[in-house]
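Here is how names work: the chains are called A, B, and so on, in the same order as the sequence lines, proteins then strands, and each is numbered from 1.
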Amino acid sequence: MRAALARLAADSPVPIFVLAGQGAAGRVDGLRLDPRLRLVDSPRAASLLLVAGRLPRSWLRPALRIHAQMPHPRVTVWWPLGYAPRSLERRFAGVVRVAAQEDVAAVLVRLQQALLRRERASEPDLLPDVDPAPWRGVGPYGQGGKGMTGGVPFGRPLATRAADRDGLELDFLPIRVGPFFPPLPVGLVLELRSQGDLLQEARVVEPAPGRPLPGDVDPVFLRALAEPVPLAALERARARHHLRWLAGMLRFHGLHALAGRALALAEAALVGAAAVRALGRLLERTLALGWATRGVGIVPPEQLRGQPLGPVARAAGLAEDARSVDPAYRALGFTPVTHREGDAHARWRQRLAEAAQALELAERAGDRLLAGGEGVVEAPRGRLTAGGATASPLLELLPALLAGQEWGDAMATVVSLDLPPVEPVQGASGVAA
Amino acid sequence: MNAPLLADVLFWLFAAGSVLSAWRVFRADSMMRAAYWLFASFVGVAGIFLLLGAEFLGFILILMMAGEMTIMVVFMVMFMMNPAGLNPMTMVHQHRTSIAVGVLAFLGLAALALFADFPAAPVADTSRATAELGTELLGGSMLVFQTAGVTLLSTMIGAIALASVRGRYGDAEAGSTEPQIAPEGVGRGSHAMPAAKEEPEMDEHHGHLGHG
Amino acid sequence: MSPVTRAVLGVVGLGGSLAVLIYLAAVLDRVIGHRVAQQPLRWSAALALPAREAARLVLQQRSRTERSDAEAWALAPALLAAAAAASVAVIPFGPAAAVADVDAGLALYVAAIALVMVAVFLHGWSPNSVYPLIGAYRFVAVTLSFQVPLALVLLATALPAESLSVSAIVQAQDGLWNVVRQPLGLPIFLATGLGAAFWGPLALPDADDLAGGTRAEVSGVPLLLWRAAQLAVLVSIAAMSAAAFLGGWRGPWLPGVVWLGLKTLAVLVVLLLAGHLLARVRQESFVVFGWVVLIPLALVDVFLSGILLL
Amino acid sequence: MAALGAVLAVFLGALLAFLLLRWAGDILNPTPATAPQRVPFLGGYPPEVHAWNRYHVRYYAMALLFLAFDMEMVFMYPWAEVFVREGMVALVEMLMFIVILVIGILYAWRERALEWA
């Protein structure tokens, strides 16, 4: 019976929970288009854990916890993406390493089939099998409790009370939304204090405030800081970035099929502005996103004035764009696209319009060169200066933006800000996975 | 297994199930379980309604109780201690008096059931029960029907006036300040709430007494 | 044929046809998903896909949490499937043929939809984990907002039939289907039906912003049972909209069962398309929309169809 | 009576079928869950407290409104059965009843009781 089930399940899509380390976000999106794989949003639904790129030290313990939360049979796969191995393999016993030239999807399918046919044993936990806090036999009834709401029943304390805006004093939940919470960018850790589904407070735990955030910027933008770069390549990279973000946002709002379509446009080598505008009309016409994002996460323009925030500022009506002063762009008749409302709805339409405009510029630019070397370039997430941070001002806005919002609106706001994946400081001797 | 025997067996099953789940309501530690055991007890009673031929009343009882027991779970979990029964608790107080009241009630009802002579007038065709209820509503007890409507309206308005904090004239407690022990005590409503309040801080002497 | 064998036949027949419809719904969902995503998908692969994923889930371990309400967690998918099966049992597939021709069939159907709220709340409350808990409380808010319009719109179809029995409702549509006579009925029923099956724009309890919501802590066979029960509710909504608004088994040439099946599949395709094209609504705005727009519209539908019948 | 028996049979049949399937799944995968595997998923960090708490529901005003408004359906079902026979009397009476109840909804909407508290 089990063999028959294994044979039937052999080529079902492989459920994977991805821990996208540094420099892996782009490559991981490529996996979503592979019909043999399915990236799931909870470790409980996954049978393979894919560690992609470099895993910084502060993410190691959360990664071990997520590995333990996966149901058996499970296996961990490490996709180095050019990072030299150090201690990850010591901590993740028995990890399967994907060689440079191997097709990672084929490796994952092979491993799943081996797991199902029990040719490969399921990985045991890498954390000690011990209760979070000693409770067995403690307290009058032996379940670690004390009185009505005291003690540590079954290993965890009960929530405590706090006042609230509507005058009731009820329990609040201190939720630390971890580095690998699927809707948020990888590595962002928020300490949320919620009563019911309303967030009373939000605090950004990681990255530490005021620290530069290089974020995964397409290398062509970094090159454009120093030397002349073909304008078409720059604009295509911008369009690809915006389309990949759009795919993530569509997935967040439950439109997985349309997200696949946007991702296919992003990954396609040659994509015309017409295709992007057609997708935009479809999203507009089917009221697909109107009621989900209108009026969500409104960022007032005065908080954004003068900050290198690119699409987020332009969606709030500030026509700040480093390209408008560039002679090459002015020759092509470039005028920055702006919207007014400054909410999540304006932001996704802004990025879509910018992607279409970038592709049109790329088609018209031919092989025109940008006069690089001024140390300023308009990256997809805002003005990039040599060695400067791009998106950290947005992280300072988050606590004020999320406080008082319902959980769904708060997550939609964070997704609409397109924060870069968070990498801890290079200095710390990270676990160069 | 002919029909009357099946009906009797089902009746005893529903009756026993209803009594058992009613007993479990007070033995369960978790508020959610207590409420849904009560819902199971109501489903038992609804089953007996169905056996008696009042199909519409039986299904309506299940429909209403599903919504209301879930709202009861939500309110019990919100306002009572030990929401999920992680620390054992007893919901029964004054054991002796409650046992006495229970026994007395049982004896009274049993006496009523055994010695009273109920009219033996079986209803001819059960399928018309809802229609008769309809004609009764529109004809004889039309007044009851309309006063029920007005009562429901007053319930709605009363519930919202009491429960909702936000009103047309601003927050319910914006103006009212609780008496504090210290003479220049700060009213409960206007001290700094942890959540950022939208409008600027109201000074406590100004403000509207309650809301419209 | 004694009543006992008739009941057993009815139960097994209903179970079988419901299972087939659930499987078809899963296949259709994949096909429509790939069509909207413009990715090629051969029909043979699509037909086998749900079976393959089910087989993989059967071989997966059931995940548990630290201190969960184990009994309620086990009961939730079973209660959801039982409610869906009971609601499909009243739908007639022939002039005098229904698994359970109950006189107050409409009241039973709406009671079964109310049980769906209990099942989803249990499924979200039991794991004692934050995301399922928020998902469970979301579904209570959404259900309290769409349950009244759903019942009112079904009630409107009972007016011409002068009875709450679903077979009488289908009988009363011999000349004119209710979708023509009561134009507001079907759209409101499909919108609130999506809420009852927590599918597509109203997939709030199992939403992506809660990492899967009530199924964030579920794996293995319970996850398979939960998805199957959810699809059973979707099929029940499609079957009832076919019976109450599209004339059920009525139709020329083909036998009654085939007509009911075709109409159910047509409505199912519409629901699945809505799932792929409409983004998830915001919980608070749907509650206000339900009370301030859906209920008055449903009342207008009831009274309009009443006036037309005078 | 037979119809109700069939509904009960279908309900209990589906209930037992799903419970048996779940029990069969446990037999097929008997591996017990270790302590780290039972930690609820929050995205990488363990929860500090039990998720079960006095959950501050934000729609309690709407829930109370639902309790009162749900009663309206009890009256509308019998009305629907006899509507055609009773004619205009039924229509006028139910219109009065419904207008009274809709005033309650309008009051709730104006007092912003339907929005999150």
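Contacts from residues 4-38 of chain D to chain B, taken as heavy-atom pairs separated by less than 4.5 Å, involve D:Leu4, D:Leu8 in sequence order. Using a 4.5 Å heavy-atom cut-off against chain D, the contacting residues of residues 138-148 of chain B are B:Leu138, B:Met142, B:Phe145, B:Gln146, B:Ala148. The contact list for residues 67-78 of chain B toward chain D, using heavy atoms and a distance under 4.5 Å, reads B:Gly67, B:Glu68, B:Ile71, B:Val74, B:Phe75, B:Val77, B:Met78 by residue number. Among the residues in residues 45-55 of chain D, those with a non-hydrogen atom closer than 4.5 angstrom to a non-hydrogen atom of chain B are D:His50, D:Trp52, D:Asn53, D:Arg54, D:Tyr55.
Annotation: maximal heavy-atom pairing with chain D below 4.5 Å, among B:Asn82, B:Ile60, B:Leu153, B:Leu57, occurs at B:Leu153. Interface remark: of the candidates B:Leu10, B:Leu86, B:Leu63, B:Leu86 forms the most heavy-atom pairs closer than 4.5 Å to chain D. The most heavy-atom pairs under 4.5 Å with chain D, out of B:Leu51, B:Ile157, B:Thr155, come from B:Ile157.
Contact annotation: the side chain of D:Glu81 never approaches that of B:Leu133 to less than 4.5 Å [non-hydrogen atoms, C-beta and beyond]. Counting heavy atoms from C-beta on, the side chains of D:Ile100 and B:Leu152 never come closer than 4.5 Å. Here the side chains of D:Met71 and B:Met64 are in contact, with some heavy-atom distance below 4.5 Å.
Contact annotation for D:Glu93: both backbone and side-chain heavy atoms come within less than 4.5 Å of a heavy atom of chain B. For D:Ala117, the part lying near chain B is the backbone, with the side chain staying farther off; criterion is any non-hydrogen pair under 4.5 Å. For D:Phe66, the part lying near chain B is the side chain, with the backbone staying farther off; criterion is any non-hydrogen pair under 4.5 Å.
Residue B:Ala163 comes nearest to D:Leu64 through the heavy atom pair CB-CD1, 3.6 Å, listed as atom of the first residue, atom of the second, then distance. Shown here for D:Ile105 and B:Met156, the closest heavy-atom pair between the two residues is N-SD, 4.3 Å. Contact record, B:Leu137 with D:Pro78: CD1-CG, 4.2 Å, taken as the closest heavy-atom pair.
Atom CZ of B:Phe118 has more than 12 heavy atoms from other residues, nucleotides or ligands within 6.0 Å. Remark: B:Arg27 CZ is loosely packed, at most 12 non-hydrogen atoms of other residues, nucleotides or ligands lying under 6.0 Å away. By the 6.0 Å contact criterion, CZ on B:Phe26 is open, its count of non-hydrogen atoms from other residues, nucleotides or ligands being 12 or less.
We find the CZ-OH distance between B:Phe59 and D:Tyr77 to be 11.5 Å, quoted to the nearest 0.5 Å.
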